[in-house]
Amino acid sequence: MAYDKFTVLQSSAYPLPIENVDTDQIIPARFLKATERKGFGDNLFRDWRYDTDGTPKADFVLNKDIYSGKILIGGRNFGSGSSREHAAWAVYDFGFRCVISSFFADIFKNNCLNVGVLPVQVSEDFLAEIFAEIEKDPKAEILVDLEKQEVSLVNSGMKESFEINAYKKENMLNGFDDIDYLQNMKDNVMEFADKRPF
């Protein structure tokens with residue numbers, strides 16, 4: 001499934017300063033029945049967002065009007081637990097294009113990259129600066145530049161670089177998932193195949 005190209009994102013953010021957020025908290029197992037990547041955003045953090053009768057919990061960050069944006073700031077070890085790719089689907093379907101944390105579970109990180117969500121891993125100190133900036137100004141914007149591999153706080157100008165696999169970076173810049181990448185090379189593959197003996 002192709003997604004929008006990711007080059008530069010400037011947005012306000014939702015702060016979730018909780019460590020060890022696992023995939024069952026991101027999208028509870030009872031919502032994993034669908035196989036399409038659509039509709040999961042409604043149940044992102046379902047048990048934290050809603051009471052059992054479906055009433056939104058006023059104290060949960062996604063339900064607070066003061067916050068908005070396409071960036072989610074998580075605590076250390078975000079996306080741990082089971083390998084369910086639906087967790088990344090839910091993050092994307094809600095509208096997030098970037099998750100920032102000081103550490104990601106590897107499988108969740110790769111699942112995000114496969115659906116167009118950029119996981120940006122920063123230092124503990126810089127993560128603390130981000131949370132402090134948002135606490136001071138809930139509308140504070142963050143600039144994420146994939147080409148430069150930099151994330152910066154617009155108000156203060158503080159910035160930090162981040163790492164990303166070169167292949168995944170190229171896919172994100174082009175809006176490709178793994179299948180799109182291969183299909184984009186179809187002509188080259190066919191040309192190579194034509195030159196090979198049977």
Side-chain angles (χ1 to χ4, degrees), residues 1-18 21 23 25-27 36-46 49 60-75 78-79 84-122 126-127 130-131 133-134 137-155 159-181:
M1 183 188 81
Y3 47 78
D4 294 336
K5 296 178 181 180
F6 191 114
T7 52
V8 176
L9 174 65
Q10 182 169 330
S11 173
S12 52
Y14 288 85
L16 187 66
I18 301 173
V21 174
T23 53
Q25 292 159 334
I26 296 171
I27 183 73
E36 283 191 286
R37 297 177 182 177
K38 300 175 182 178
F40 289 96
D42 292 339
N43 295 308
L44 177 68
F45 297 116
R46 177 74 191 199
R49 278 171 74 188
F60 186 63
V61 62
L62 296 190
N63 297 327
K64 293 184 178 181
D65 292 337
I66 59 172
Y67 299 117
S68 62
K70 296 184 176 182
I71 300 174
L72 175 64
I73 315 298
F78 192 89
R84 69 188 64 165
E85 56 190 341
H86 303 72
W89 297 358
V91 170
Y92 181 88
D93 193 60
F94 183 83
F96 291 120
R97 293 303 314 281
C98 178
V99 181
I100 299 175
S101 176
S102 58
F103 183 80
F104 291 96
D106 283 341
I107 295 177
F108 175 79
K109 183 177 183 178
N110 286 325
N111 286 339
C112 281
L113 288 166
N114 286 338
V115 299
V117 176
L118 180 63
V120 173
Q121 186 166 316
V122 297
F126 194 70
L127 185 65
I130 295 173
F131 281 129
E133 185 85 5
I134 296 173
D137 176 10
K139 299 300 181 186
E141 294 197 332
I142 298 168
L143 179 67
V144 181
D145 189 322
L146 177 56
E147 186 64 56
K148 293 181 180 178
Q149 295 181 211
E150 286 183 347
V151 55
S152 57
L153 299 173
V154 175
N155 287 348
K159 65 177 63 175
E160 187 170 286
S161 61
F162 61 89
E163 296 297 320
I164 183 172
N165 174 279
Y167 164 70
K168 292 297 186 183
K169 176 180 178 178
E170 191 67 20
N171 277 359
M172 290 284 292
L173 289 170
N174 287 288
F176 291 163
D177 64 12
D178 291 332
I179 294 174
D180 296 317
Y181 174 80

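For reference, positions follow the sequence shown, starting with 1.
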*Could you walk me through whether Asn110 and Asn165 pass the side-chain contact (heavy atoms from CB on, under 4.5 Å) check?*
CA-CA 10 Å; Asn110 286 325; Asn165 174 279; over 6 Å; no
*Could you walk me through whether Leu118 and Ile164 pass the side-chain contact (heavy atoms from CB on, under 4.5 Å) check?*
CA-CA 9 Å; Leu118 180 63; Ile164 183 172; 3.6 Å; yes
*Go through the steps for Leu62 and Phe94 under the test side-chain contact (heavy atoms from CB on, under 4.5 Å), then give the verdict.*
CA-CA 10 Å; Leu62 296 190; Phe94 183 83; 4.0 Å; yes
*asked:* Pair Leu146, Thr7 - check side-chain contact (heavy atoms from CB on, under 4.5 Å), show working.
replied: CA-CA 5 Å; Leu146 177 56; Thr7 52; 6.0 Å; no
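With sequence neighbours left out, the side chain to side chain contact (heavy atoms under 4.5 Å, CB included) criterion links Asn63 to Arg49, Pro56, Lys57, Phe60. Qualifying salt bridge (charged side-chain N to carboxylate O under 4.0 Å, His left out) partners for Arg97, counting only residues two or more places apart in sequence or in other chains: none. Scanning for side chain to side chain contact (heavy atoms under 4.5 Å, CB included) contacts around Leu153 gives Phe126, Glu129, Ile130, Glu133, Ile142, Ser156, Met158, with sequence neighbours left out. Applying the side chain to side chain contact (heavy atoms under 4.5 Å, CB included) criterion to Asn43, with sequence neighbours excluded, gives Ile27, Phe31, Arg46. In this view, Thr23 and Ser82 satisfy the side-chain hydrogen bond (donor to acceptor under 3.5 Å, both in side chains) rule, not counting sequence neighbours. For Lys148, there are no salt bridge (charged side-chain N to carboxylate O under 4.0 Å, His left out) partners, not counting sequence neighbours. Taking Phe162 as the reference, nothing meets the ring pair (Phe, Tyr, Trp, His ring centres under 6.0 Å) condition, with sequence neighbours excluded. In this view, Phe6 satisfies the ring pair (Phe, Tyr, Trp, His ring centres under 6.0 Å) rule with no residue, not counting sequence neighbours. Applying the side chain to side chain contact (heavy atoms under 4.5 Å, CB included) rule to Lys159 yields the partners Glu150, Ser152; only residues at least two apart in sequence or on another chain are considered. Under the rule for a side-chain hydrogen bond (donor to acceptor under 3.5 Å, both in side chains), Ser11 has no partner lying at least two apart in sequence or in another chain. Shown here are the side-chain hydrogen bond (donor to acceptor under 3.5 Å, both in side chains) partners of Lys70, two or more places apart in sequence or in another chain: there are none. By the side-chain hydrogen bond (donor to acceptor under 3.5 Å, both in side chains) test, Gln121 pairs with no residue at all, sequence neighbours left out.
The two residues Pro15 and Ile134 have their closest heavy-atom pair at CG-CG2, 3.8 Å. Listed here is the closest heavy atom pair of Val117 and Ala88: CG2-O, 4.4 Å. Taking each heavy atom of Pro138 and Tyr67 in turn, the nearest pair found is CB-CE2, 3.8 Å. Between Leu127 and Ser101 the shortest heavy-atom distance is CD1-CA, 4.2 Å. Residues Phe108 and Gly79 come closest through the heavy atom pair CB-O, 3.3 Å. Closest approach of Glu141 to Ser12, counting heavy atoms only: CG-N, 4.0 Å.
Side-chain atoms of Asn155 never come within 3.5 Å of backbone atoms of Ala140 as a donor-acceptor pair (strictly under, hydrogens ignored). A donor-acceptor contact shorter than 3.5 Å is absent between the side chain of Ser102 and the backbone of Val122. Using modelled atom types, one side-chain atom of Asn174 and one backbone atom of Glu170 make a donor-acceptor pair closer than 3.5 Å. A donor-acceptor pair is defined here as one N or O able to donate and one able to accept, closer than 3.5 Å; no such pair exists between the side chain of Ser161 and the backbone of Gln149.
Checked against a 6.0 Å centroid threshold, the rings of Phe96 and Tyr14 count as neighbours.
Taking CE from Met172 and CD from Glu147, the interatomic distance works out to 12.5 Å, rounded to the nearest 0.5 Å. Annotation: the span from Asn171 atom CG to Leu113 atom CG amounts to 9.0 Å, rounded to 0.5 Å. If you take CZ on Phe78 and CD1 on Ile18, they are separated by 9.5 Å, rounding to the nearest 0.5 Å. Here Leu44 contributes atom CG and His86 contributes atom NE2; the two are 14.0 Å apart, rounded to the nearest 0.5 Å. Atom CD1 of Ile66 sits about 7.5 Å away from atom NZ of Lys139, to the nearest 0.5 Å. To the nearest 0.5 angstrom, Asp93 atom CG is 7.0 Å from Asp42 atom CG.
Shown here is Lys5, whose NZ atom has no more than 12 heavy atoms of other residues, nucleotides or ligands within 6.0 Å.
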